[in-house]
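Pasting a structure here, questions to come.
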There are 2 protein chains.
Amino acid sequence: MSDKYKHGEKILVAVDCIIFGYDHGTLKLLLFKRLLEPLKGGWSLIGSFILPNESVEEAGKRVLHEITGLDEVYMEELKSYTAVDRDPGARCISIGQFALIGLENEETLEIKDGVQWHSVSDLPELVLDHNQMVVDALARLRNRAQYYPIGLELLPKKFTIPQLQTLYEEIFQKKFDSRNFRKKLLSLNILIQLKEKDKSSSKKGAFLYEFDYTKYRKLKNKGFKFSLI
Amino acid sequence: MSDKYKHGEKILVAVDCIIFGYDHGTLKLLLFKRLLEPLKGGWSLIGSFILPNESVEEAGKRVLHEITGLDEVYMEELKSYTAVDRDPGARCISIGQFALIGLENEETLEIKDGVQWHSVSDLPELVLDHNQMVVDALARLRNRAQYYPIGLELLPKKFTIPQLQTLYEEIFQKKFDSRNFRKKLLSLNILIQLKEKDKSSSKKGAFLYEFDYTKYRKLKNKGFKFSLI
DNA sequence: TTAATAAACGTAATATATACATTTATTTTT
DNA sequence: AAAAATAAATGTATATATTACGTTTATTAA
């Protein structure tokens, strides 16, 4: 190592994943029960130290794969958590990784032992500063759901407008007017209506839609700023 | 250290500050010329390793104080930069810190030796991944300037509407209609018009305004989302 | 055939955004 | 003292977006 770096103090760097899922109307968070001291038995986000040969992003993806078996998952950096005394075990910073999983898409989802989905509206106390991470991640989720079509990551590839509205009502904890919700959404021209209907929740059935990623990208590139709600 | 932590590999953690200033119509960035190998003589953002007894945020504030003598500076975390090979000297991650300084406010500003303001429109090549940090920070600046009254951090406490418009035109690299800019801005009701005028750029003079932080906070707390442009 | 259910649809009123030209306050020059 | 010069300040009409609110439709089950 170069001289220049001698006075740097090396410390432990972890990632912690704040993983949201959405299952039949309920927003959920993936947690696991710590098996080791300190704080054994406490509910925790799922994390890992980063390895010498990986970036933080790669560490996040690795953790997510180890836990769920999934590879193509929406993930973005949340923020760093670096208070000196945040971890009683050692000086250790953590980079929060915000992730979304569409539970109804993922046939292959095989959750590892000791890992459990928890309804966001009824979370246990978490270890360390993980409660704060969840608070921050929920704020991020709301921001993203408003300004990006990211809510769709939580739904199956084919979804109905009432399904999307229910998801938004869960995320924002408030009701939306169904006529205005639909009108605004469709006016963005980023959904493709399919011929099929989903009849699981009504006799009439609701048309299925897919997200038009190409159109969305074009709009974004033109600098179009949109708000879904 | 607890057993649990044994398999974590400790690494160097740095902060790099992307410090914007605005001086008489020009958006600037604070850079310094590296005095040490590797990459001696290369232009660099201003950074430091984080010390054992400080958080990343504290490290950012320390660096900013060491370089500029300032304490109360707007600073927020940008993102982490963690590619395995980002630094040829050693495995080292960096947390970018986005900072804004109002140059015309800061009478006390005493820039350290070797540190220089550079016009954002004419930046040199920077070392490591610092060019990417600047790109990311400019995107953040545009986002913040649109959705938060953060552009004001770059202006004196008392400023005119034409001054603010010129700043926005510099940030977004486009012209705004002065009638609509003024109308929208004033409709937000977060500016206090003073009796004084600034006559430095016209014979008529332009009224000075101050930001009404209290009103802004109230609006924010009510969930009001505003866009300044 | 009827009843039940959630999905789909439309419109009027209000608010916001855009496009665009003239007047005003002041200083400097004549 | 009057005229010229300068940037600041202002207004309005049009288009677009948001909000509030009830009725009809497609389908299944009784």
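Side chains are part of it too, since the values below use all heavy atoms of this structure and drop only hydrogens, waters and symmetry mates.
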Quiz item: Taking 5' to 3' order, which nucleotide of DNA chain C is first and which is last to have an atom within less than 4.0 Å of a heavy atom in chain B?
Solution: C:dA17 to C:dT27
Quiz item: With sequence neighbours left out, what residues match A:Glu66 under salt bridge (charged side-chain N to carboxylate O under 4.0 Å, His left out)?
Solution: A:Arg62
Quiz item: Tell me, for nucleotides 16-22 of chain D in 5' to 3' order, what letter each nucleotide earns: B for a base near a protein heavy atom under 4.0 Å, S for only sugar-phosphate near one, - for neither?
Solution: --SBBBB
Practice problem: Quickly work out the B:Ile161 CD1 to D:dA7 P distance and round it to whole Å. | Solution: 18 Å
Practice problem: Without swapping roles, check the side chain of B:Ser227 against the backbone of B:Ile229 for a donor-acceptor pair under 3.5 Å. | Solution: yes
Practice problem: For residues 207-224 of chain A, pull every pair meeting salt bridge (Lys or Arg N to Asp or Glu O under 4.0 Å), keeping only residues two or more places apart or in separate chains. | Solution: none
Quiz prompt | Residues touching DNA chain D, which here means a heavy atom under 4.0 Å, drawn from residues 201-212 of chain B | solution = B:Ser201, B:Ser202, B:Lys203, B:Lys204, B:Gly205, B:Ala206, B:Phe207
Exercise. Scan residues 160-187 of chain A for pairs that pass salt bridge (Lys or Arg N to Asp or Glu O under 4.0 Å), counting only residues two or more places apart or in two chains.
Key: A:Glu169-A:Lys175, A:Asp177-A:Arg179
Quiz item: Which residues satisfy the side chain to side chain contact (heavy atoms under 4.5 Å, CB included) test with A:Phe226, sequence neighbours excluded?
Solution: A:Pro149, A:Leu188, A:Ile190, A:Tyr216, A:Phe224, A:Leu228
Quiz item: With sequence neighbours left out, which residue pairs that include part of residues 186-200 of chain A fulfil the side chain to side chain donor-acceptor pair (under 3.5 Å) condition?
Solution: A:Lys158-A:Glu196, A:Gln193-A:Tyr209, A:Asp198-A:Ser200
Self-check item: Residues that A:Arg140 engages under salt bridge (charged side-chain N to carboxylate O under 4.0 Å, His left out), provided they are two or more places apart
Solution: A:Glu76
Exercise. Using atom NZ of A:Lys199 as one end and atom P of D:dA26 as the other, report the distance to the nearest whole Å.
Key: 12 Å
Quiz prompt | Qualifying ring-ring contact (aromatic ring centres under 6.0 Å, His included) pairs, either residue in residues 134-161 of chain B, two or more places apart | solution = A:Tyr147-B:Tyr147
Exercise. Using the test side chain to side chain donor-acceptor pair (under 3.5 Å), find all partners of A:Ser202 that sit at least two apart in sequence or belong to another chain.
Key: none
Exercise. May I have all residue pairs that pass salt bridge (Lys or Arg N to Asp or Glu O under 4.0 Å) and include part of residues 115-133 of chain B, sequence neighbours excluded?
Key: B:Arg86-B:Asp129
